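To start, the structure itself, in structure tokens.
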Amino acid sequence: MSQVTQPYTRTFSGSVGAGIGSLMGGRQYYILEHRISSRYHRAGESQEIIVDQIEIGRASSCQVRFDESFATVSRRHAAIVREGDKWKLLQLSKTNPTFLNGNPVGHEWYLQSGDEIQLSIGGPKLGFIIPAANRTGTIGMTRRLSLFGKQALLPYRRAIALLSIALLLAIGGLTSWKLYGDKITGKQIMDLTEKADSLEQASIAQYELFQAQQDSITDALNNTKKNLAKTQQELANEKKRNAQMKKDLENRIKKLQTTPPQTTKPGKVGATTVNNKAIEACLPYVYFIFVDYVELILPNGEKRYLQNYKWSGTGFLLNDGRLVTARHIIEPWFFINNERDTTNIQVNLLANNLGKVTAHFVAISQSGDKFTFTSNNAVCDRSNDKTINFDGYQMKINNSDVNDWAYLKTNRKGGLTMDKQASKNLQRGVELTILGFPMGLGVNSANDIKPVWGTAKTASEGLNRGVILTTDTGFEQGNSGGPVFYTDPNGKLIVVGIVSGGAGRTTGFIVPISSIF
């Protein structure tokens, strides 16, 4: 029957005191039979218990211990204590139940030989057996000493050193009393006993505080391992989901690198309402930009390559020798759209917690100009980036559309003309011209680069929250980083912005060229 007696507390006498008595051979003991294998015990193993109280759980101070793979077993799950000539099972965990012969133990329950103890639903089981000859004297002395260390001393490893000193003092006091009985009073013996008791309780409290700290550290390490395992699984899932897309991009890059030069084609035919002469003058300065490879440099200098992490975009050359593009082309891992953007989330976590991520790019223009650069060469504005916590790890993400720009200095001559002032003061309804490579279109081979023409209209007067809003937007993914022009009174195309992103089906926003300067 369940019967609540006094509240359970771990005592020195129930552990070390009972253990010392068991060494003498005259105390009762029982056996716990393990019915499932764990890190510490195999199935079928019999464990003799020679002390008056033990704890069962995952904590390192438990005499009957289960490893971390038993998630439903609490750190201090249950206890078995002696009461007179009987043994009882106590529930310690506040979250996970304990069962005796299939019945839940509310607080405590007296045990009988042949009972079965189970920790949580579906958890490990232990058989409780009282042998016919249940005196510890029937156990060999070597075995008793081993059990004494594992059961009696285990919870009090730190306390034992101090208690040893108390024991020596007590022995010294008793010797003095025996030799000089007329000089030591009963009060002095009581004082010595009280000091020993006080020392014992202080040692026990110190050990239990230490053990709580150790358990907290163990829990934190286990959570870290789980988070790492979760991240690794997400990386594996993302790799499977994007396999085809990455394969297509790799095939396109391979084609760029291997297709031989093509012969000159016949002249163009057809008519257009666009000022082709003005557009043709700009085409040599519009570049298709794609990733060659991405590397992660660890703190010790070792390199790892993220070979399947690739993308492309557009850039353009200004007449001051700078190649301009969007920052999300140079550092896409800083631009997290939502929690489903797992690839950029994972690379961001690597960049901010494990090492430095560097993207290696190739830029090709219609004129045949080709060069390489890295994300480290680019100038970006990270002043508005914000730091957030993601499952216990640090992430930094872009927090401003106005900062979606990047540039690098080159030694190239010629380029596009830009107008900083006009980029901030465009009227509503102004026709804009856009050149780039939407969805990778316009890239036929390494020697056949043809930027695609697109259009948009300004949706509001001047800047809105620092960017140029557009409507009737005709640019898609791949145009990002491309030049946005307005036509001056002489019919010349003048750069006023950089393609950034789309806000809706036919709307978008453009970073004004004035943001760079």
Side-chain angles (χ1 to χ4, degrees), residues 268-288 313-319 322-326 328-329 365-366 401-402 404-405 407 414-442 449-517:
K268 301 175 183 177
V269 295
T272 176
T273 58
V274 188
N275 186 340
N276 263 333
K277 186 176 181 180
I279 291 177
E280 290 290 339
C282 298
L283 296 183
Y285 306 113
V286 181
Y287 288 75
F288 176 61
T314 306
F316 57 94
L317 188 68
L318 291 176
N319 55 15
R322 280 185 288 186
L323 181 77
V324 178
T325 185
H328 76 264
I329 296 298
S365 77
Q366 177 178 290
D401 296 330
V402 181
D404 190 14
W405 57 263
Y407 72 83
L416 305 175
T417 302
M418 53 98 179
D419 189 333
K420 295 184 289 183
Q421 196 62 31
S423 72
K424 297 185 289 185
N425 298 290
L426 294 172
Q427 300 297 310
R428 183 182 292 107
V430 173
E431 294 278 354
L432 301 174
T433 297
I434 297 160
L435 294 175
F437 303 92
M439 309 301 291
L441 298 174
I449 305 293
K450 296 178 180 179
V452 174
W453 165 66
T455 62
K457 290 182 180 180
T458 55
S460 63
E461 185 174 341
L463 301 179
N464 190 306
R465 298 182 182 179
V467 298
I468 303 169
L469 293 183
T470 63
T471 187
D472 295 343
T473 301
F475 57 80
E476 301 284 353
Q477 181 179 355
N479 272 119
S480 292
V484 180
F485 306 89
Y486 89 105
T487 306
D488 73 1
N490 298 318
K492 183 178 180 180
L493 294 179
I494 307 296
V495 177
V496 290
I498 309 158
V499 174
S500 180
R505 189 174 182 85
T506 62
T507 59
F509 57 89
I510 291 166
V511 176
I513 198 68
S514 59
S515 296
I516 299 180
F517 301 93

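Owing to the predicted nature of the structure, the values given are computational and were not obtained by experimental measurement. All residue numbers refer to positions in the sequence shown, counting from 1.
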message: If you compare all heavy atoms of Arg322 against all heavy atoms of Ile516, which two are closest, and at what distance to 0.1 Å?
response: NH1-CG2, 4.2 Å

message: Between Asp404 and His328 (side chain of the first, backbone of the second, donor and acceptor by atom type, cut-off under 3.5 Å), is there such a pair?
response: yes

- request: Determine whether Trp453 and Ile434 make a side-chain contact, defined as any pair of heavy atoms from C-beta on separated by less than 4.5 Å.
  value: no

- line: On a heavy-atom basis, the closest approach of Asp472 and Lys457 is OD2-CD, 3.7 Å

message: I need the Thr470 OG1 to Phe509 CZ distance, nearest 0.5 Å.
response: 9.5 Å

- request: Show the numbers, then the answer: is there a side-chain contact (heavy atoms from CB on, under 4.5 Å) between Ile468 and Val484?
  value: CA-CA 10 Å; Ile468 303 169; Val484 180; over 6 Å; no

For residues 486-496, dump all side-chain donor-acceptor pairs below 3.5 Å to protein atoms at least two apart in sequence or in another chain.
residue: Asp488; atom: OD1; partner: Asn490; partner atom: N; Å: 3.0
residue: Asp488; atom: OD1; partner: Gly491; partner atom: N; Å: 3.0
residue: Asp488; atom: OD1; partner: Lys492; partner atom: N; Å: 2.8
residue: Lys492; atom: NZ; partner: Thr417; partner atom: OG1; Å: 3.3

Minimum heavy-atom distance between Leu323 and Gly315, given as atom pair plus value: CD1-C, 4.2 Å

CG on Leu318 to CE on Met418, rounded to 0.5 Å: 6.0 Å

statement: Between Val511 and Ser500 the two heavy atoms that sit nearest each other are CG2-CB, 3.8 Å

- prompt: Say you draw a straight line from OG of Ser365 to CG of Leu317; how long is it, rounded to the nearest 0.5 Å?
  reply: 8.5 Å

field: 4.5 Å side-chain heavy-atom contact, Cys282 and Leu435
entry: yes

Side-chain touch Trp405/Ile513, heavy atoms, less than 4.5 angstrom: no

- request: Give a yes or no answer on whether the side chain of Thr325 reaches the backbone of Thr314 with a donor-acceptor pair at less than 3.5 Å.
  value: yes

query: How far does CG of Asp419 sit from NZ of Lys424, to the nearest 0.5 angstrom?
result: 10.0 Å

message: Which heavy atom of Pro451 sits nearest to which heavy atom of Gln366, and what is that distance?
response: CD-OE1, 3.7 Å

message: Which residues pass the side-chain contact (heavy atoms from CB on, under 4.5 Å) test with Val452, not counting sequence neighbours?
response: Pro438, Leu441

- prompt: With a 4.5 Å heavy-atom cut-off, do Tyr287 and Ile449 have their side chains touching?
  reply: no

side-chain hydrogen bond (donor to acceptor under 3.5 Å, both in side chains) involving Thr458 - partner list, sequence neighbours excluded: none

- prompt: About how many Å separate OG of Ser480 and CD1 of Ile498, when rounded to the nearest 0.5 Å?
  reply: 11.0 Å

